[in-house]
Amino acid sequence: MKETEKTRPENDWIPIPRRVAIIAAVAILCVIADLTGELVEYFQGDRLPVIRIIIRCLVIAGWGISEWYIVERLWSTRKMKHE
């Protein structure tokens, strides 16, 4: 077995500094807020662009899942740090 295979963590994720993860979480919240604002504008128009509304909802859901994962990971590492 190679040395790199022995030291490689079992899970397949890239460790980043906590501050970078917090900045990413805040940035994702800003993206979600902007996309939600644009979605509201679609509903205020005279005609409803249904395809754009569906795509916008899927994009918001995707960013929301990413946000949830980052916040959950930050919270779990915070709890582990205090134990």
Atom [atom1] of [X] and atom [atom2] of [Y]: how far apart are they, to the nearest 0.5 Å?
X	Y	atom1	atom2	value
Trp63	Ile28	CH2	CD1	5.5 Å
Arg18	Leu74	CZ	CG	5.0 Å
Ile23	Arg19	CD1	CZ	9.0 Å

Hits for side-chain contact (heavy atoms from CB on, under 4.5 Å) against Leu39, two or more places apart or cross-chain, chain-then-number order -> Tyr42, Phe43, Ile53, Arg56, Cys57, Ile60

Sequence neighbours excluded, the answer for side-chain contact (heavy atoms from CB on, under 4.5 Å) partners of Val20 is Ile16, Pro17

Sorted by chain and residue number, the side-chain hydrogen bond (donor to acceptor under 3.5 Å, both in side chains) partners of Arg73 (sequence neighbours excluded) come out as Tyr69

Could you state whether [X] and [Y] fall into the same hydrophobic cluster, counting links through intermediate Ile, Leu, Val, Met, Phe, Trp or Tyr residues with side-chain heavy atoms under 4.5 angstrom apart?
X	Y	result
Leu35	Leu48	yes
Ile32	Ile55	yes
Ile51	Val59	yes

Minimum heavy-atom separation for Ile70 to Ala21, with atom names?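 Nearest heavy atoms, Ile70 then Ala21: CG2-O, 3.7 Å.
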
